[in-house]
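Encoded as structure tokens, the structure appears first; notes follow it.
Values reported hereafter were calculated over all heavy atoms of this structure, with side chains retained and with hydrogens, waters and symmetry mates removed.
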Amino acid sequence: MAVAFDEMNGLGEDLRPAYQELSRWLKETPPDALEYRRQEAELLFRRIGITFAVYGDAEAQERLIPFDVIPRIMSATEWTLLEKGLKQRVLALNMFLKDIYHGRDILRANVIPEDLIFQNPVFRPEMNGQEVPHDIYVHIAGIDIIRTDPDNFIVLEDNARTPSGVSYMLENREIMMRLFPDLFARHRVAPVDRYPDELLSALRSVAPHSASAEPTVALMTPGVYNSAYYEHSFLADKLGIELVEGRDLIVKNDEVFMRTTEGLKRVDVIYRRVDDDFLDPLTFRPDSALGVPGLMSAYAAGNITLANAVGTGIADDKAIYSYMPDIVKFYLSEEPILKNVQTWRCREPQDLSYVLDNLDDLVVKEVHGSGGYGMLIGPAATKATIEAFRDKLKREPEGFIAQPTLALSTCPTCTDKGLAPRHVDLRPFVLTGSSHTTIVPGGLTRVALKEGSLVVNSSQGGGTKDTWILSE
């Protein structure tokens, strides 16, 4: 694998400009002082109770996501380019989703094979011809970005269903400001604390036409046993909106109401953190105890906005991801600003043959996988694992894509042996309202804490860092 580009030191050349002040500060700060503040940060996280659950892990039902106190820093110029690329991509995603459930021009133009859409388990035929308020399907997108050199940001995947992690972006910043005021004083860091206001404003702006002048927004959670429940309650609190479960909502005459101590109150927008399958037992899974009977009929009647819309999972699909450059060109007649990782579609015989011959060097992912599960990292895998994957690929090639093993960029990180480079990615959060798209400067930097590891997912032992975008 190629040598990784280091965000602080480039490819071994001089210190990169954005990191000069941090480098000075690190030289002046004794290692034991840094370690003391690292422990203090962990204490604060424990006190606040920022945890996430790991399904199927009996050892740790609730875990603390490790936090690294060395910020990841980007210049204003880098951010401007990234922001432009993100806005372009999310606009294309929204146009694609509208088209898939309406005119299907992209299928008629043979840009994407029909079966990739219609035989896809996350395609929702219930959404065919269904109008959604303001034609926006993805109100909140989490786009995972990596870089392999100083000049290019590359999209690793699109999260268009229920992207999580924004609470860590906000808490990381708060804790850094408390513990490192001296380091902040040396930088002009763009703020992220306006995210809740931007989110609430975006959600209110997409309320149905039948809503009152002050639309009521609620956040719908599957409940306390969900792995991201901390984030659900944190966001509802920050937005000043009700946190509700399915049982708190009721549908009457195709309108949605929540039960309150003063009686029923109409809800106009639901920021839902519940998957499509569980939303409405009358439409989807009849055994769902998490949903609201009749919610989809209120949706069809145009009396409720669901953020994100039902059926957006098709844009999360890793096989569809491989067509994103074509999707951007088709809808916007522009070249994509952000590149994709080169991707082999195992459903295509030629690609499958290449992948089977090169399993030792490739990363193989499930088309519908997430959280770093069900993935093969060829260079790090045992022979037995590679052979097991070979069998899976031969059995159901359409379930997988493959990509080269990229040397993700690294950032200096606190480890047991002192500062050391660790691989990182970035998840900026893109908010689309009725009239504009906003991205707070930064996002969630995830870091692979194990030496040499490329897996940054928190479920696989990854941690997080604060992301600093320097103001001009």
Side-chain angles (χ1 to χ4, degrees), residues 1-35 37-39 41-42 65-75 78-79 82 144-154 156 165 168-169 172 176 179-180 183 186-187 189 341 361 363 372 375 377-380 403-428 442-458 460-470:
M1 201 167 76
V3 175
F5 162 70
D6 188 76
E7 308 236 341
M8 183 157 163
N9 301 305
L11 288 162
E13 312 106 40
D14 296 337
L15 192 66
R16 297 182 68 237
Y19 279 89
Q20 282 174 345
E21 206 49 64
L22 174 68
S23 174
R24 264 185 227 117
W25 181 86
L26 284 168
K27 285 180 183 133
E28 295 163 14
T29 307
D32 55 343
L34 198 58
E35 175 57 23
R37 292 202 222 182
R38 192 190 68 75
Q39 288 174 6
E42 190 172 318
I65 295 186
F67 172 63
D68 184 64
V69 294
I70 307 296
R72 184 226 195 125
I73 304 177
M74 261 187 224
S75 70
E78 288 174 304
W79 176 253
L82 183 53
D144 291 345
I145 301 284
I146 57 169
R147 65 195 301 191
T148 53
D149 60 42
D151 307 312
N152 292 297
F153 292 102
I154 303 172
L156 189 59
Y168 300 101
M169 171 184 89
N172 288 355
M176 285 296 286
L179 293 181
F180 297 92
L183 187 53
R186 294 176 172 215
H187 294 85
V189 183
V341 178
D361 302 320
V363 175
M375 192 161 93
I377 299 180
Q403 295 171 332
T405 309
L406 295 176
L408 308 190
S409 64
T410 56
C411 273
T413 302
C414 285
T415 73
D416 300 343
K417 298 170 185 152
L419 284 185
R422 291 290 183 265
H423 296 290
V424 291
D425 79 353
L426 175 67
R427 177 176 292 180
L444 181 67
T445 287
R446 300 184 300 175
V447 53
L449 294 171
K450 294 174 191 157
E451 192 173 353
S453 170
L454 294 168
V455 183
V456 296
N457 305 72
S458 49
Q460 309 285 311
T464 69
K465 286 175 168 285
D466 192 11
T467 312
W468 289 12
I469 310 300
L470 301 182

Can any side-chain N or O of [X] pair as donor or acceptor with the backbone N or O of [Y] at less than 3.5 Å?
{"X": "Arg427", "Y": "Asp144", "answer": "no"}
{"X": "Tyr168", "Y": "Leu444", "answer": "no"}
{"X": "Thr445", "Y": "Thr464", "answer": "no"}
{"X": "His423", "Y": "Thr410", "answer": "no"}

Roughly how far, to the nearest 0.5 Å, is the [atom2] atom of [Y] from the [atom1] atom of [X]?
{"X": "Arg147", "Y": "Leu406", "atom1": "CZ", "atom2": "CG", "result": "14.0 Å"}
{"X": "Trp468", "Y": "Met176", "atom1": "CH2", "atom2": "CE", "result": "5.0 Å"}
{"X": "Leu34", "Y": "Thr29", "atom1": "CG", "atom2": "OG1", "result": "6.5 Å"}
{"X": "Ile154", "Y": "Ile146", "atom1": "CD1", "atom2": "CD1", "result": "5.0 Å"}
{"X": "Tyr19", "Y": "Arg72", "atom1": "OH", "atom2": "CZ", "result": "6.5 Å"}
{"X": "Asp416", "Y": "Glu451", "atom1": "CG", "atom2": "CD", "result": "10.5 Å"}

If you take all heavy atoms of [X] and [Y], which pair is closest and at what distance?
{"X": "Ala18", "Y": "Ile73", "answer": "O-CG2, 3.5 Å"}
{"X": "Leu426", "Y": "Met74", "answer": "CD2-CE, 3.6 Å"}
{"X": "Asp68", "Y": "Cys414", "answer": "OD1-N, 2.8 Å"}
{"X": "Thr148", "Y": "Ala407", "answer": "CG2-O, 3.7 Å"}
{"X": "Phe5", "Y": "Pro150", "answer": "CZ-CA, 3.7 Å"}
{"X": "Ile145", "Y": "Pro428", "answer": "CG1-CD, 4.0 Å"}

[X] side chain near [Y] side chain, heavy-atom distance below 4.5 Å:
{"X": "Phe180", "Y": "Arg37", "value": "yes"}
{"X": "His187", "Y": "Leu183", "value": "yes"}
{"X": "Lys465", "Y": "Thr413", "value": "yes"}
{"X": "Pro404", "Y": "Asp361", "value": "no"}
{"X": "Val341", "Y": "Leu156", "value": "yes"}
{"X": "Leu22", "Y": "Ile70", "value": "yes"}

- Item | Test salt bridge (charged side-chain N to carboxylate O under 4.0 Å, His left out) applied to Asp6 and Arg16, step by step | CA-CA 9 Å; Asp6 188 76; Arg16 297 182 68 237; over 6 Å; no
- Task: Could you tell me whether Glu28 and Arg186 make a salt bridge, using a distance below 4.0 angstrom between a side-chain N and a carboxylate O?
- Result: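 Judged by the 4.0 Å cut-off on N to carboxylate O distance, Glu28 and Arg186 do form a salt bridge.
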- Task: Decide side chain to side chain contact (heavy atoms under 4.5 Å, CB included) for Arg422 and Cys411; before the verdict, give the C-alpha distance in whole Å, the side-chain angles of both, and the deciding distance to 0.1 Å.
- Result: CA-CA 6 Å; Arg422 291 290 183 265; Cys411 273; over 6 Å; no
- Query: Should we say atom CD of Gln20 is surrounded by more than 12 heavy atoms from elsewhere, each under 6.0 Å from it?
  - Reply: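 Count over threshold, so yes.
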- With side chain to side chain contact (heavy atoms under 4.5 Å, CB included) as the test, would you mind laying out the steps for Glu78 and Phe153 before giving the verdict? CA-CA 9 Å; Glu78 288 174 304; Phe153 292 102; 4.1 Å; yes
- Take Leu15 and Asn9, measure what side chain to side chain contact (heavy atoms under 4.5 Å, CB included) needs, and give me the verdict at the end. CA-CA 5 Å; Leu15 192 66; Asn9 301 305; 3.5 Å; yes
